[in-house]
Q: 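Have a look at this one before I ask anything.
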Amino acid sequence: MARPIRFLLDGAVHELPADTDPTLTVLNLLRYHLRRTGTKEGCAEGDCGACTVVLGELEDGRVRFRAVNACILFAPMLDGRALFTVESLGREGSLHPVQQAMVDSHASQCGFCTPGFVMSLYALQREGAPADTPSLKDALAGNLCRCTGYGPILAAGQAMGRTPEPDIADALAAIRPAESLALEHGARRFYAPRSADELAAVLEANPDATVLAGGTDVGLWVTKQRRVLPTVVSLNECADLKRIEDLGDAVRIGAAARYADAHAALASLHPAFDGLLRRLGGLQVRNLGTVCGNIANGSPIGDMPPALIAAGATLVLRRGSARRELPLEAYFLDYGRQDRRPGEFVEAVTVPKPPPGRVVHIAKLSKRFDQDISAVCLGLSVGLQAGQVTDARIAFGGMAATPKRAPRAEAALAGRAWTAATVETAAEVLADDFTPITDMRASAGYRLEAARNLLRRAFVEAAGGDRLQDLEAVSA
Amino acid sequence: MADSGAARPSPVLHAPIGHDSAPRHVSGEALYIDDIPEPPGLLHLAVGQSARAHARVTRLDLSAVRAAPGVVAVLTPADVPGKNDISPFAGDDPLFAEGEVKFVGQALFCVAAETLPKARAAAALAVVDYEDLPAWLTADAAVAAGSLIEPTQTMRLGDAAAALEAAPHVLSGRLQVGGQEHFYLEGQVALVIPGEGADLHVWTSTQHPTETQHILARVLGCPDAAITVEVRRMGGAFGGKETQSVQWAAMAALAARVTRRPAKIRLDRDDDMVMTGKRHDFEIDWSVGFDGQGRLQGARFEFASRCGFSADLSHAINDRAMFHADNAYALPAAEIVSHRARTHTVSNTAFRGFGGPQGMMAIERALDAVALSLGQDPLDVRLANLYGVAGDLTPYGQTVTDAVIDPIMRELAESCGYRARRAAVRAWNAGHPHLKRGLALTPVKFGISFTTTHLNQAGALVHVYTDGSIHLNHGGTEMGQGLNIKVAQVVADAFQVPLASVRITSTRTDKVPNTSATAASSGSDLNGMAALDACEQIKARLSGWARSNFGHDPVFTPDGVQVGRELLSFRDFVNQAYVARISLSAAGYYRTPDIRYDRVNHKGRPFYYFAYGAACSEVAIDTLTGENRVTRVDILHDVGRSLNPAIDLGQIEGGFVQGMGWLTTEELVFDGAGRLRTHAPSTYKIPTAGDRPDAFNIAIWSGGENREPTIHRSKAVGEPPLMLAISVFSALTDAVASVGGHRVMPDLDAPATPERILAAVDNVRRRAGG
């Protein structure tokens with residue numbers, strides 16, 4: 001029962017045929033099929049934001065507006081959604097207030113990144129988010145500009161006015177898909193089941209399929225590695241997999257829950273998660289990428305696993321109707337190898353709530369503070385009773401071929417007094433836990449020394465020490 | 001002629017007018033080359049690249065490439081009808097490597113196919129066998145092997161060796177300064193449409209349409225006149241599209257010539273970063289002799305830069321590094337030695353500052369070291385050595401007659417509260433064992449003119465139409481810097497018409513020929529003057545006609561043209577002139593006066609004038625991890641009498657942040673096989689909005705006025721602000737030094753990544769004894 005991809009563009013229903021190339025990117029769809037060339041390709045890997053467009057999605061009766069990178073967004077992922085591009089706003093002579101604010105603030109120089117910034121600001125405005133400097137820096141961390149130095153763009157964000165916007169809730173409700181999307185493009189297939197049960201069945205029937213969540217990694221397989229994916233199964237339409245549930249003593253995050261969706265729930269576990277999530281990709285990446293995808297792909301430098309392992313997270317894997325659970329750290333077998341069997345998918349991750357009084361520390365080291373990949377990432381959770389360490393969970397990313405716990409350092413803490421001297425012994429034995437490598441992000445020597453120092457910093461901060469990122473000028 | 005500099009009310013001159021393309025930028029209507037509607041029959045190109053740094057190609061089997069679906073042509077050196085060379089002058093830069101490859105990513109061939117995915121897929125099917133040859137990957141390795149692009153150059157003032165010998169104190173050190181990827185947001189792109197006969201129309205994203213035209217003619221073996229190059233705008237360039245845009249245009253032109261079909265090439269970001277040159281990285285040995293007050297008595301600098309496999313513009317870039325080894329400081333005696341290493345890496349090229357930034361780094365490091373060794377505030381040591389205070393003769397024999405850096409630095413120190421903040425930083429550091437702050441206030445003096453003297457010329461073409469609208473064309477290219485609006489302001493002012501009457505048009509080699517690159521910050525200086533010349537020619541004709549016709553000289557006013565008692569609209573006035581058969585079109589021309597340079601002896605007056613500025617940066621570092629952030633920046637910059645303060649402020653802030661990236665987060669990593677490992681924004685990190693400090697105060701120096709009769713007494717602004725970011729590097733060094741109580745000088749290299757800062761902290765701790 002082939003049906004077209006159906007989405008809203010400038011308020012009107014737009015259809016793409018059922019034989020659309022499933023890995024056609026929205027960027028190429030716009031530029032080369034629809035001739036909407038305001039959306040630019042800067043990197044084709046979701047890192048520069050020049051291709052930023054906005055998706056409108058109906059959620060609980062409300063339309064949510066999300067800035068995303070069109071360069072790594074596959075066209076079928078538009079199904080049932082509204083797409084806004086820079087052309088949807090205004091034209092020269094009748095600019096949208098967001099565009100006018102950019103003009104008035106001298107916020108464009110070469111202009112190539114500009115439509116992307118406009119769309120990030122537009123999403124911020126439509127979401128009703130505050131337009132103070134910290135919020136703007138958060139919302140724009142995924143947009144690179146090489147000309148302006150950003151000041152005029154931030155000024156535009158603070159100055160932008162509003163205009164009445166048409167309500168698209170009814171139009172979105174009208175195109176809400178009644179049936180799953182299935183595409184046939186030559187020998188290639190795309191399936192977007194609408195429930196976990198349906199997904200399980202599709203994957204059982206297609207055990208070699210590529211499982212697509214946000215596509216912030218899989219997108220690059222296509223745009224950068226130029227891989228042809230014979231069968232793609234998207235879990236983005238599985239409403240039940242989007243759920244984030246409070247289980248009382250834990251939070252359960254479904255496979256389709258994006259970073260942005262899970263942000264508040266994770267931050268409620270501990271403020272350290274908030275700091276980590278703000279630095280995980282840019283907002284465009286967090287609006288597509290999923291917490292479980294970050295785990296499932298098994299990267300040694302994913303930002304979520306160390307913090308989640310330290311928190312004692314459990315992974316739920318499912319094949320057909322069979323489920324199994326395993327400690328998150330056990331999922332990572334070796335570089336590029338995970339404990340996921342054919343036809344199986346990650347259904348959820350369950351993260352226990354830390355009991356009060358536990359020292360929780362998450363740290364990420366990278367060359368650039370925002371939107372960079374970790375050189376080293378630490379998750380630490382230490383239980384304390386009367387100044388003694390009851391138990392310690394320490395996990396690192398970037399220190400081995402997989403995200404990995406530090407058993408010797410954990411043992412050095414357990415049962416000892418929570419003192420600088422104890423932390424020092426744990427830092428010492430990290431060299432026995434890890435033999436990091438040198439690559440373009442950091443040398444082996446730096447990784448080991450910085451990892452040790454991150455333990456020291458965890459102690460210092462637990463004792464109330466200042467954090468670099470909180471410092472303002474000594475006198476402004 | 002430029003006006004005398006006297007203040008004259010003008011609705012358009014010296015006004016903060018927005019970029020002419022801004023409404024089209026924000027609406028997505030501004031057309032970049034890949035946005036131009038694709039012509040029927042368009043072919044798309046992909047490039048086959050070398051996988052080795054230096055090797056003989058023993059086999060290049062392209063049969064699978066040719067047989068791949070959608071492939072129309074595969075182009076190799078055998079298809080080049082003219083010369084297989086795209087170098088600006090040295091003859092060492094082949095369009096396609098022939099027999100031997102000299103860097104990873106060098107072009108071997110290109111594929112023209114019906115679609116871009118097909119072209120890229122086909123290019124990957126080549127079978128290439130190599131026989132590796134010895135490869136020099138770093139400047140040091142190449143210099144040691146005697147591999148240079150030209151003989152080592154030396155610039156001398158007095159007897160530096162004797163001065164160092166005689167000085168009461170001598171310090172020396174070594175500094176590594178990393179390169180920088182341009183990261184223009186619009187990658188390299190060109191579109192070529194064949195016309196009749198040998199004619200080609202070339203749309204390309206380049207700073208140098210004329211050189212593109214000339215090189216394409218050379219490659220194709222046709223006259224320059226057969227090729228028209230057109231540039232409306234670039235999505236950023238920063239020097240990266242001065243020479244390095246030519247190769248792609250040449251491939252598209254060759255494909256169009258061979259197939260008789262339109263051809264487009266657009267490099268993928270990763271390919272762009274691997275295949276195009278960057279800012280040169282430098283290794284610098286420095287020695288300075290000074291007295292007890294920190295006054296320099298002599299200095300010696302030895303530069304080695306990584307030029308890459310070919311000369312490109314490295315001669316002039318390294319010359320400019322030598323010209324800026326003094327930065328803003330008078331050196332009683334100096335020896336500046338410059339080795340230009342020919343390495344087996346991509347050919348490094350122009351990048352905003354053009355060697356100047358690297359040249360300045362060592363003397364700023366040296367002055368920080370002098371201050372630390374004497375226990376003085378670095379600002380005082382800097383002030384004591386400035387041009388205008390300590391002397392006025394540069395190492396290349398030019399006398400500095402316009403030094404305004406001392407008042408700029410003092411005014412900035414006052415306005416940013418430097419002295420009090422210095423004390424506050426010290427006090428704060430005393431109370432914080434792990435986090436440390438640093439502060440620095442550094443100057444910039446930057447020489448304005450192409451140091452290759454003949455390049456300092458420009459042309460413009462101005463047409464006045466009978467409806468009073470004006471068509472403006474000049475040889476400069478728009479890359480976002482606001483050149484077009486500035487020149488339009490000059491033209492609108494010349495005729496006293498509204499800015500909207502002046503139509504800005506794309507740069508074309510068939511309108512203004514034999515132009516220089518839009519580079520060296522010279523765009524508005526040269527093209528503004530050329531456009532003004534064209535306006536003055538037309539005005540002179542109009543005046544002559546008005547005198548004979550009305551008996552009065554016309555006076556152009558915002559209300560119209562006053563001729564005697566009669567006030568005519570500009571439209572009526574020019575229309576009457578047309579009826580009287582007066583030509584309303586003129587080609588303007590300008591060449592910078594009074595400059596000359598003897599490159600053999602490195603003496604002369606290479607610069608027409610100097611641009612100045614100063615910045616104070618405050619930073620904080622984490623001594624456990626090396627993480628760092630800039631917490632406040634104050635800038636006071638001299639742009640003469642600004643043609644457009646809004647545009648100039650944009651250049652200042654943008655240049656500073658770009659320089660900050662160069663010295664902090666932007667790290668180019670080549671592996672042992674010569675492969676660039678940081679070839680995309682995922683691994684190469686330019687600043688984001690979050691890196692910009694909230695406390696960022698920028699002011700244009702109110703005392704600014706060019707002493708030379710430049711266009712309305714303005715000064716160039718494109719490059720100089722980038723070097724204001726050296727204050728960030730100096731402040732980071734200061735923060736690291738605080739770990740050792742400012743007793744030992746940190747060995748911090750650039751870029752100051754967390755890893756380098758942590759290493760420098762550890763090193764200071766060891767040397768300071770814990």
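No hydrogens, no waters, no symmetry mates; every other heavy atom, side chains included, goes into these values.
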Q: Below 4.5 Å from any heavy atom of chain B, which atoms of Arg35(A) appear? Answer side chain, backbone, both or neither.
A: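 Side chain only.
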Q: Name the region of Pro117(B), side chain, backbone, both or neither, that has any atom closer than 4.5 Å to a heavy atom of chain A.
A: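 For Pro117(B), no heavy atom lies under 4.5 Å from chain A.
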Q: Taking the basic N atoms (NZ, or NE/NH1/NH2) and the acidic carboxylate oxygens, is any pair closer than 4.0 Å for Asp694(B) and Lys137(A)?
A: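 Here Asp694(B) pairs with Lys137(A) in a salt bridge, since their nearest N and O are under 4.0 Å apart.
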Q: Out of His434(B), Glu38(B), Arg233(B), Met234(B), return the one with the most heavy atom pairs under 4.5 angstrom to chain A.
A: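 Answer, by heavy-atom pair count under 4.5 Å with chain A: His434(B).
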Q: Quick one: of Gln481(B), Arg120(B), Met479(B), who has the most non-hydrogen atom pairs under 4.5 Å with chain A?
A: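 Going by pairs under 4.5 Å, I would pick Arg120(B).
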Q: Under 4.5 Å between any side-chain heavy atoms of Leu144(A) and Pro681(B), yes or no?
A: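 Leu144(A) reaches Pro681(B) side chain to side chain.
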Q: Tell me, side chain or backbone of Phe238(B) under 4.5 Å from chain A's heavy atoms, or both, or neither?
A: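 Contact with chain A involves the side chain of Phe238(B) alone.
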Q: For Arg467(A), is it the side chain, the backbone, both, or neither that has a heavy atom closer than 4.5 Å to a heavy atom of chain B?
A: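 The backbone, not the side chain.
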Q: In Å, rounded to the nearest 0.5 Å, how long is the span from NZ of Lys367(A) to OG1 of Thr665(B)?
A: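 Nearest 0.5 Å value for the NZ-OG1 distance: 9.0 Å.
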Q: Identify which part of Leu454(A) has an atom lying under 4.5 Å from any heavy atom of chain B, answering side chain, backbone, both or neither.
A: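 The side chain, not the backbone.
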Q: Against chain B, label Ala141(A) side chain, backbone, both or neither, depending on which of its atoms sit under 4.5 Å from a heavy atom there.
A: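 Just the backbone, heavy atoms under 4.5 Å.
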Q: Evaluate the side chain to side chain donor-acceptor pair (under 3.5 Å) criterion for residues Asp47(A) and Tyr684(B): first the C-alpha distance (whole Å), next the side-chain angles of each, then the deciding distance (0.1 Å), finally the verdict.
A: CA-CA 10 Å; Asp47(A) 267 299; Tyr684(B) 184 80; over 6 Å; no
Q: Do we see a donor-acceptor contact under 3.5 Å between the side chains of Glu755(B) and Ser443(A)?
A: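 A donor-acceptor contact under 3.5 Å links the two side chains.
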Q: Does any heavy atom of chain B fall under 4.5 Å from the side chain of Glu92(A), the backbone, both, or neither of them?
A: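 Both parts, backbone and side chain.
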Q: Could you tell me which portion of Val103(A) (side chain, backbone, both or neither) has an atom closer than 4.5 angstrom to a non-hydrogen atom of chain B?
A: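 Val103(A) touches chain B through backbone and side-chain heavy atoms alike.
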Q: Do Arg36(A) and Glu29(B) meet the salt-bridge criterion of a basic N to acidic O distance under 4.0 Å?
A: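 Answer for the salt bridge query: no.
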Q: Please classify the contact between Ala424(B) and chain A as side chain, backbone, both or neither, with a heavy-atom cut-off of under 4.5 Å.
A: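 Both parts, backbone and side chain.
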Q: Please classify the contact between Leu471(A) and chain B as side chain, backbone, both or neither, with a heavy-atom cut-off of under 4.5 Å.
A: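 It is both, since atoms from each part get that close.
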Q: Please state whether the side chain, the backbone, both or neither of Arg146(A) comes within less than 4.5 Å of a heavy atom of chain B.
A: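 For Arg146(A), heavy atoms of backbone and side chain both lie under 4.5 Å from chain B.
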Q: Thr133(A) versus chain B, heavy atoms under 4.5 Å apart: side chain, backbone, both or neither?
A: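 Interface part for Thr133(A): side chain.
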Q: Leu283(A): what forms a side-chain contact (heavy atoms from CB on, under 4.5 Å) with it, not counting sequence neighbours?
A: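 Leu283(A) satisfies side-chain contact (heavy atoms from CB on, under 4.5 Å) with Ala139(A), Arg286(A), Asn287(A) once adjacent residues are dropped.
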Q: So, using side-chain hydrogen bond (donor to acceptor under 3.5 Å, both in side chains) as the criterion, who are the partners of Arg675(B) when residues are at least two apart?
A: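 Arg675(B): side-chain hydrogen bond (donor to acceptor under 3.5 Å, both in side chains) contacts with Asp671(B).
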Q: Select one option (side chain, backbone, both, neither) describing which atoms of Tyr32(A) are under 4.5 Å from chain B's heavy atoms.
A: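 Interface part for Tyr32(A): side chain.
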Q: Between Glu41(A) and chain B, which part of the residue has a heavy atom less than 4.5 Å away: side chain, backbone, both or neither?
A: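 When you check distances to chain B, atoms from both the backbone and side chain of Glu41(A) fall under 4.5 Å.
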Q: Under 4.5 Å from any heavy atom of chain B, what part of Leu468(A) do you find: side chain, backbone, both or neither?
A: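 Contact with chain B is through both the backbone and side chain of Leu468(A).
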Q: Let me know if Asp34(B) has heavy atoms under 4.5 Å from chain A in its side chain, its backbone, both or neither.
A: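 Looking at Asp34(B), backbone and side chain both touch chain A.
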Q: Is it the side chain or the backbone of Arg457(A) that comes within 4.5 Å of chain B heavy atoms, both, or neither?
A: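 When you check distances to chain B, atoms from both the backbone and side chain of Arg457(A) fall under 4.5 Å.
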Q: So which part of Arg437(B) gets closer than 4.5 Å to some heavy atom of chain A, the side chain, the backbone, both or neither?
A: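 When you check distances to chain A, only side chain atoms of Arg437(B) fall under 4.5 Å.
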Q: Rounded to the nearest 0.5 Å, what's the gap from CZ on Arg692(B) to SG on Cys145(A)? Could you check?
A: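 So the CZ of Arg692(B) and the SG of Cys145(A) are separated by 11.5 Å.
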